[in-house]
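Given the structure is predicted, the values throughout are model-derived calculations rather than measurements. A, B, ... follow the sequence lines: proteins, then strands. Residue 1 opens every chain.
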Amino acid sequence: MQKEYNPQAVEREAQRYWEDHACFHVVEEPGKPKFYALSMFPYPSGRLHMGHVRNYTIGDVIARYQRMLGKNVLQPIGFDAFGLPAENAALKSGTAPAEWTDANMAYMRGQLRQLGLAYDWSRTLATCQPEYYRWEQWLFTRLFKNGLVYRKASVVNWDPVDQTVLANEQVVDGRGWRSGAVVEQREVAQWFLRITDYAEELLADLDKLEGWPDAVKTMQRNWIGRSEGLEVDFALDDGSPLTVFTTRPDTLYGVTYLAVAAQHPLTLAAAKKDARVAAFVEETRRSGVAEATLETMEKRGVPLGVEATHPLTGERVPVWAANFVLMSYGSGAVMAVPAHDERDFAFATRYGLPIRQVIEHRGGADGEYRFDASRWQPWYADKQVGLVVHSGPLDGLDYRAAFERAAAELEAKGRGRRRVNYRLRDWGISRQRYWGCPIPIVYCDHCGAVPVPEADLPVVLPRNLVPDGHGNPLAKDAEFVNCRCPQCGAAARRETDTFDTFVDSSWYFARYACPDQHTRMLDERSAYWLPVDQYVGGIEHAILHLLYARFFQKLMRDEGLSRVDEPFTRLLTQGMVLKDGAKMSKSKGNVVDPQDILASHGADAVRLFMMFTAPPEQTLEWSDAGIDGAARFLRRLWKLVEDHAAAGAAPALDAASLDAGQRELRRHVHDTLAKVSDDYARRYSFNTAIAACMELSNLLQRWTDTSPQGRAVLQEA
RNA sequence: GCCCGAGUGGCGGAACCGGUAGACGCUGCGGACUUAAAAUCCGCUGAUCUUCGAUCGUGCGGGUUCGAUUCCCGCCUCGGGCACCA
């Protein structure tokens, strides 16, 4: 043992040993309890940042603990290697994205090794490798055959900076999640996955995820957004139905007008005859997403000059086009009950539409909720506390009873039906991008869109193209585009769009079980390892990645590739690493490069600092003094062990012969063991585990008993 | 607006099932060692006061309890998510 603690030398030696002996290489051992620890794989942006260091340290600490418990622990690592930054780098430097990505991965692999992470490097993968994405393409063609994939020309979110289509999930406050540019609406034909077919199960199974933070489950529940309600047919004068969706059929008798979206067929028809309507449609189209979010969302609309007949009362109510009605939710039309809905009320007062109370506070109209003729005081009725009034057969009923009664009446008349709607939309997965996984489709003039047969997979992405900033270079690559139709053999063209990179990262966790399997997507090894026992990653993936990965797990299950319903048993979402109260970023100039800290303090000091300074799920404030403190503790610990070892071997511990002081120290040692074990296994409270160790080491440093049994107790400690 | 979290010393945080508030670390101050400095080691470091002691103190106001950072009610502030979803 060296006299002085030299972190670089110690770490180099340990890491070399681990590598030479393949210490963390694992194979399936059916008799042994397994533990699959996984951290979210990095995008190869160039170098690791502190967020990575924290993420991978937490995962590694959990993995190593489970290993010490005697479990067969798999901890793999790879790269989420497709994506936009590679193309942006290509624009700047002229290097092919493949080259840039490869170089970054090589450098970052070295950094990951220097961090001393217990990875099974034999299982590493990168999503840009044909051996990997081949199976993604294969699964897509299977889903195609099963009707879970469709192509649809639709209005999409167009990011004018990144020149690509974004999923709803990738639009944040009307801006692209990566570029920050204001998103425009464009009509583009693209491929969709029917994630809405799984909406119910994705929602219901959240209840099974006891090892997930409530915050993440709540976010996913809200994102899926299940609403139970009724579809109600109002009758237009030509007898055709105008269908609305409502979750409040108890307020049906309070309807005083209908509102439809600007893109609704009824609006578009009226626009042909009425210049005012046409102007409204044009205005709404122009303002689009951007203005709706930036401005205060003022309620605006225009009458269509059309009336519809109420299915229960037979009353005729006017139909308006309104900017607050979304074409993409429900039927693009709503019934308005201004007395009990804030939005409907704002619209009605603005345009002088009638307001009719149909809900009364339980126990009668009291002052707070009274509607007097001079001053309409709308009550945005809570489902829990209202009783229906002025509503014929619904009078006196509460929400639930009125719902049932209205549903029954409408069903009997054939003018309504129960229906569940979701906020969740199908997942648009096409990207007009080069550096991604090619969508395995061939367009043939005779056969249409034809999936590439399994024997012809993978559709390999050419690695040598360099984007020039004007569209997708794949589309200009004749060698890639021109092909033969797999069905009829005629000349055909390949799809040049690539998958959203979220597709790549939706199943990598399963592939780590068998990355070398060249005849199947997954094999029996995945049955051994799945599900992931512990997943660790940033809270920023609470919705997108984690929802998509859950979806893919269910798709793979339904394809017979897995028997597991949920991919991640336990989830830990680690907090961000901040410096001076702000997220580290180049633009703020507050970045601390892990590489510098590795050189100055060593991997163990950074790791210790990160695990000690804050609980894993909380934000962590970077502190140079804190790093020094961690390094100081390690030096003291080293010296403690070194001093003891230098004094020679201690005799065997004889518990029966210990004096009071020796017994007390021993008791403290075992108390610490119990506490640390509990902190690791149950609480995931690493900061207190470390504090307990520091406390013990402070005690040991002051231990002056050099008698044979005094040294024996110290040695045990 | 709605839905989640969280508010404890100068700072990061601890107190796990209602039982010594502030573990552990950082910072600061004092001391030892040194010609000196760094490093290291030792001590002190919530506030106030009449300082060998006492009082107050966990965002604010109430409540339950022998006892509340912890439980209940009502607020305030900060952070996150969703946001015209009918």
The side chain of [X] is closest to which nucleotide in this list: [options]?
{"X": "A:T246", "options": "B:rC24, B:rG13, B:rA86", "value": "B:rA86"}
{"X": "A:Q701", "options": "B:rA86, B:rC41, B:rC82", "value": "B:rC41"}
{"X": "A:T613", "options": "B:rG12, B:rG43, B:rG81", "value": "B:rG12"}
{"X": "A:L326", "options": "B:rG25, B:rC85, B:rC84", "value": "B:rC85"}
{"X": "A:V334", "options": "B:rG13, B:rC41, B:rA86", "value": "B:rA86"}
{"X": "A:M694", "options": "B:rC82, B:rG25, B:rC26", "value": "B:rG25"}
{"X": "A:D679", "options": "B:rC16, B:rG25, B:rC84", "value": "B:rC16"}

Measure from the ring center of [X] to the ring center of [Y] and say whether it is less than 6.0 Å.
{"X": "A:H545", "Y": "A:F502", "result": "no"}
{"X": "A:F347", "Y": "A:Y257", "result": "yes"}
{"X": "A:Y680", "Y": "A:F686", "result": "yes"}

[X] side chain N/O closer than 4.0 Å to the phosphate oxygens (OP1, OP2) of [N]?
{"X": "A:N222", "N": "B:rC2", "value": "no"}
{"X": "A:R300", "N": "B:rC84", "value": "no"}
{"X": "A:R683", "N": "B:rA15", "value": "yes"}
{"X": "A:R635", "N": "B:rU40", "value": "yes"}
{"X": "A:R636", "N": "B:rC41", "value": "yes"}
{"X": "A:R632", "N": "B:rC26", "value": "yes"}
{"X": "A:Q618", "N": "B:rA6", "value": "no"}

When all nucleic acid strands are considered with a 4.0 Å heavy-atom cut-off, which category describes [X]: base, sugar-phosphate, or nothing?
{"X": "A:K675", "result": "base"}
{"X": "A:N698", "result": "sugar-phosphate"}
{"X": "A:S227", "result": "sugar-phosphate"}
{"X": "A:E621", "result": "nothing"}
{"X": "A:V337", "result": "nothing"}
{"X": "A:R682", "result": "base"}

Whole-Å [atom1] distance, [N] and [M]:
{"N": "B:rA23", "M": "B:rU45", "atom1": "C1'", "answer": "15 Å"}
{"N": "B:rA14", "M": "B:rC24", "atom1": "C1'", "answer": "8 Å"}
{"N": "B:rG62", "M": "B:rU48", "atom1": "C1'", "answer": "26 Å"}
{"N": "B:rC33", "M": "B:rG25", "atom1": "P", "answer": "25 Å"}
{"N": "B:rA83", "M": "B:rC26", "atom1": "C1'", "answer": "41 Å"}
{"N": "B:rU50", "M": "B:rA38", "atom1": "C1'", "answer": "44 Å"}
{"N": "B:rA15", "M": "B:rC71", "atom1": "P", "answer": "14 Å"}
{"N": "B:rG79", "M": "B:rA68", "atom1": "P", "answer": "32 Å"}

By nearest-nucleotide position on RNA chain B, the 5'-leaning member of A:D344 and A:A692 is A:A692
If you assign A:A215 and A:G629 each to the RNA chain B nucleotide with the nearest heavy atom, which residue ends up on the more 5' nucleotide? A:A215
Separation of atom [atom1] in [X] from atom [atom2] in [N], rounded to whole Å:
{"X": "A:W223", "N": "B:rC82", "atom1": "CH2", "atom2": "P", "value": "6 Å"}
{"X": "A:K299", "N": "B:rC84", "atom1": "NZ", "atom2": "C1'", "value": "5 Å"}
{"X": "A:F686", "N": "B:rG13", "atom1": "CZ", "atom2": "P", "value": "16 Å"}
{"X": "A:D580", "N": "B:rG12", "atom1": "CG", "atom2": "C1'", "value": "14 Å"}
{"X": "A:R423", "N": "B:rG81", "atom1": "CZ", "atom2": "P", "value": "14 Å"}
{"X": "A:E617", "N": "B:rG13", "atom1": "CD", "atom2": "C1'", "value": "13 Å"}
{"X": "A:L634", "N": "B:rG25", "atom1": "CG", "atom2": "C1'", "value": "13 Å"}
{"X": "A:L544", "N": "B:rC82", "atom1": "CG", "atom2": "C1'", "value": "13 Å"}

When you check the glycosidic angle of [N], does it come out syn, meaning within 90° of 0, or anti?
{"N": "B:rC60", "answer": "anti"}
{"N": "B:rU51", "answer": "syn"}
{"N": "B:rG5", "answer": "anti"}

Is the ring pair A:Y329/A:F245 parallel, tilted or perpendicular, if the boundaries are 30 and 60 degrees? perpendicular
Between [X] and [Y], do the side chains contain an N or O donor and an N or O acceptor separated by less than 3.5 Å?
{"X": "A:N421", "Y": "A:S227", "value": "no"}
{"X": "A:R636", "Y": "A:S697", "value": "no"}
{"X": "A:Y422", "Y": "A:E200", "value": "yes"}
{"X": "A:Y684", "Y": "A:Q534", "value": "yes"}
{"X": "A:W212", "Y": "A:D214", "value": "no"}

May I ask you to check if A:R415 and A:F234 form a cation-pi contact, with NZ or CZ under 6.0 angstrom from the six-membered ring centre and within 45° of the axis? no
Do the side chains of A:R356 and A:E315 get close enough for a salt bridge, i.e. N-O under 4.0 angstrom? yes
Starting at the 5' end of RNA chain B, write a dot or bracket for each base, bracketing those in Watson-Crick or G-U wobble pairs whose two distances are under 3.5 Å and using | for partners on another strand. (((((((..(((......[....))).(((((.......))))).((((...))))..(((((..]....))))))))))))....
Donor-acceptor pair under 3.5 Å, A:R343 side chain vs B:rC85 base: no
